[in-house]
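Since this is a predicted model, take the numbers as computed values, not measurements.
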Amino acid sequence: MIDKRLLKEASKTRFYLVLTIGLGMVTGLIVVWQAKVLASIVSQVFINQYQLAQVQTLLIILLGLIFIRALLAWYSEINAHRVAARIKAELRQRLLEQLFQLGPVQVRGERTGELTNLLVEGIEALEDYFAGYIPQLVLAVAVPLTVLLFVLPIDRTSGLILLLTAPLIPLFMILIGQWADHLTKRQWHVLSRMSAHFLDVLQGLTTLKLFGRSKDQIRVIGRISAEFRQTTMGVLRVAFLSALVLELLATISTALVAVGLGLNLIYDRITFEKAFFLLLLAPEFYWPLRLLGAKFHAGMNGVQAANRIFEILDQPVQTSTAKVQGASLNQQRIHLSFEKVHFSYDQTAEIVKGVSFDLGPGQKVALVGPSGAGKSTLANLLMGYIQPTKGLIRVNGLPLESLAGQEWRQLVALVPQTPYLFYGTVAENILFGRPGATEAEVRAAAHRAGAQEFIEKLPQGYDTPVGEQGLKLSGGQAQRLAIARAFLKNAPVLVLDEATAGLDLSTELAVQGAMKRLMEGRTVFIIAHRLATIYDANHILVLNEGRIVEEGQHQKLLEQKKLYYDLVRAYGGCQE
């Protein structure tokens, strides 16, 4: 069970890994020395009738060897876990960075619960592989060979028995491991599915209660849990069977060596001291192989988790050339232009088809159209989460793909339809707009967003925990916190994505007032279904099936009596 990708990761901590293996090999030499000293003590006491004083030096040496062996084993294990800890930290960091680089669009198809399980349990499953299996794999070869070097010159029969029986242990381990591999894959799959489903249930608890389906989900979770239990028990049965076979082989092989040594003693072909020395070495010869069998099954979980980890790490990331830094732009005057932009998610059906428009400094461009027309895709293109398959997006004349993505997004503020509020205080959620802002700046941003009044009525004001996803706040309150973030960020480009959808009339009016203040002096890109929010836009783009079919100002578009006219009528009347 050698995974080349994991070995490559292990090579990054080569020093500690070599040190761990080196300590294990030194331990193997000490084991031989310890057996030699013990055999000499027993021979001199029981055969030569030595007194305690005569073997006192050897006893002290034996005690010292036992202590050194224990110390080396302890330090070797510490180094092995240090290797595992470094690799786990590095892999977890890379996995997080990959998810961030993939962005919200590419990660959208993944299940949150499964990713959480992968970042926590999946990474932790690598501990046994790096701290146990890899070092033990080397020791399972090196230590038996070291023992053989001392056994063969003394008794070739014992050496041949060890040499011929040793390969049987890894052979049975591999045969049983192939059986266990299928069960381990199934175990990891069920665990990931259970984690993802459980998080889905928790996040959708309100809907489940509303439709009276919560008890059904209890049964579903119970069924998945039972499946996970059965799969885990299957893996454990195989692991115990493997341990039984390996122990049986090692025990029988040691017995064969003992029988051979006994016959040699009877026929006076070997001295007692040498025979006892070899008998002590026989279990030590098989011990690393038996430990490898135990580590093998623990390491298999790490390999299955690694398959999923590398599956995500190997996903292609739409990267920019990043030749120009965002700081080099004139951040007060941002001019955006889409030039015959095309985009498709799967290289077949195009979502955006040859869209072209300009958005000048301080202008407001509104994008309207039926659901599925490609409005949110254009917003994602503008944010740099995805790259056009054809065409160009320019910022002040520079291709967007030539700008460092994170620096470009520092120049863009987004107020989405459903803003995400993290578990934390009101102030901490506003500070996402600019983490280094002062308390006074946070309060000023909240005041301009119209959030000051309701924040001060909260039990602890700005220090009030809002709960995950803002569960303690209304939709309008959450929206105003999102607007406060945008005020605090003070970016020159503003994207409003269905920012007032789902709000009641009075709340919508309050939010619209805050958004009007936010839009002042900024380049604004508006996506809206509620058309009342875009009547005063400088330019309105009507999108249908990925193409711009109409464009102009509100009154002009009404006069054409085409798709925009129909959308306005459907919304609530033509304001002609």
**OP:** Supply the atom-to-atom distance His81 NE2 to Phe130 CZ, rounded to the nearest 0.5 angstrom.
**Re:** 13.5 Å
Subject >> Non-hydrogen side-chain atoms of Thr146 and Val31 separated by less than 4.5 Å >> reply: no
Subject >> Sidechain N-carboxylate O distance under 4.0 Å for Arg82, Glu127 >> reply: no
**OP:** Working to the nearest 0.5 Å, report the span between OG1 of Thr418 and CG of Leu421.
**Re:** 10.5 Å
Original post:
So, Glu9 and Arg94, do they make that salt bridge, N to O below 4.0 Å?
Top reply: yes
Original post:
Are the side chain of Asp155 and the backbone of Val151 linked by a donor-acceptor contact shorter than 3.5 Å?
Top reply: no
Subject >> Note, Leu38 side chain near Phe277 side chain (heavy atom, < 4.5 Å) >> reply: no
Original post:
Do other residues, nucleotides or ligands put more than 12 heavy atoms under 6.0 Å from the CD atom of Gln44?
Top reply: yes
Original post:
Can you tell me if Ser43 uses its side chain to pair, donor with acceptor, with the backbone of Ala39 under 3.5 Å?
Top reply: no
**OP:** For residues Tyr133 and Asp128, determine if any side-chain heavy atom of one lies less than 4.5 Å from a side-chain heavy atom of the other.
**Re:** no
Original post:
With a cut-off of 6.0 Å (strictly less than), are more than 12 heavy atoms of other residues, nucleotides or ligands near CZ of Phe150?
Top reply: no
Original post:
If only atom types and distance count, is the side chain of Arg5 paired as donor or acceptor with the main-chain N or O of Phe310 below 3.5 Å?
Top reply: no
**OP:** Begin from the C-alpha positions of Thr165 and Tyr286 and carry the test side-chain hydrogen bond (donor to acceptor under 3.5 Å, both in side chains) through to its verdict.
**Re:** CA-CA 10 Å; Thr165 55; Tyr286 293 107; 2.4 Å; yes
Original post:
Should we say atom CZ of Phe272 is surrounded by more than 12 heavy atoms from elsewhere, each under 6.0 Å from it?
Top reply: yes
Original post:
Looking at CD1 of Ile309 and CD1 of Ile123, how far apart are the two atoms once the value is rounded to the nearest 0.5 Å?
Top reply: 3.5 Å
Original post:
Out of curiosity, Leu152 CG to Leu163 CG, how far, rounded to the nearest 0.5 Å?
Top reply: 7.0 Å
Original post:
Is it true that a side-chain atom of Thr27 and a backbone atom of Leu23 form a donor plus acceptor pair closer than 3.5 Å?
Top reply: yes
Original post:
How many angstroms lie between atom CG of Leu281 and atom CD of Gln34, to the nearest 0.5 angstrom?
Top reply: 10.0 Å
Original post:
If you measure from the Lys or Arg side-chain nitrogens to the Asp or Glu carboxylate oxygens, is any gap between Arg308 and Glu311 under 4.0 Å?
Top reply: yes
Original post:
Under 3.5 Å, side chain of Gln98 to main-chain N/O of Ile312, donor-acceptor pair present?
Top reply: yes
Subject >> Lys489 atom NZ: more than 12 heavy-atom contacts under 6.0 Å >> reply: yes
**OP:** Spell out, as yes or no, whether a donor-acceptor pair under 3.5 Å connects the side chain of Trp408 to the backbone of Leu382.
**Re:** yes
Original post:
If you measure from CD1 on Ile161 to OG on Ser253, what distance do you get to the nearest 0.5 Å?
Top reply: 8.5 Å
**OP:** Would you confirm whether Arg434, through its side chain, and Leu488, through its main-chain N or O, come within 3.5 Å as a donor-acceptor pair?
**Re:** yes
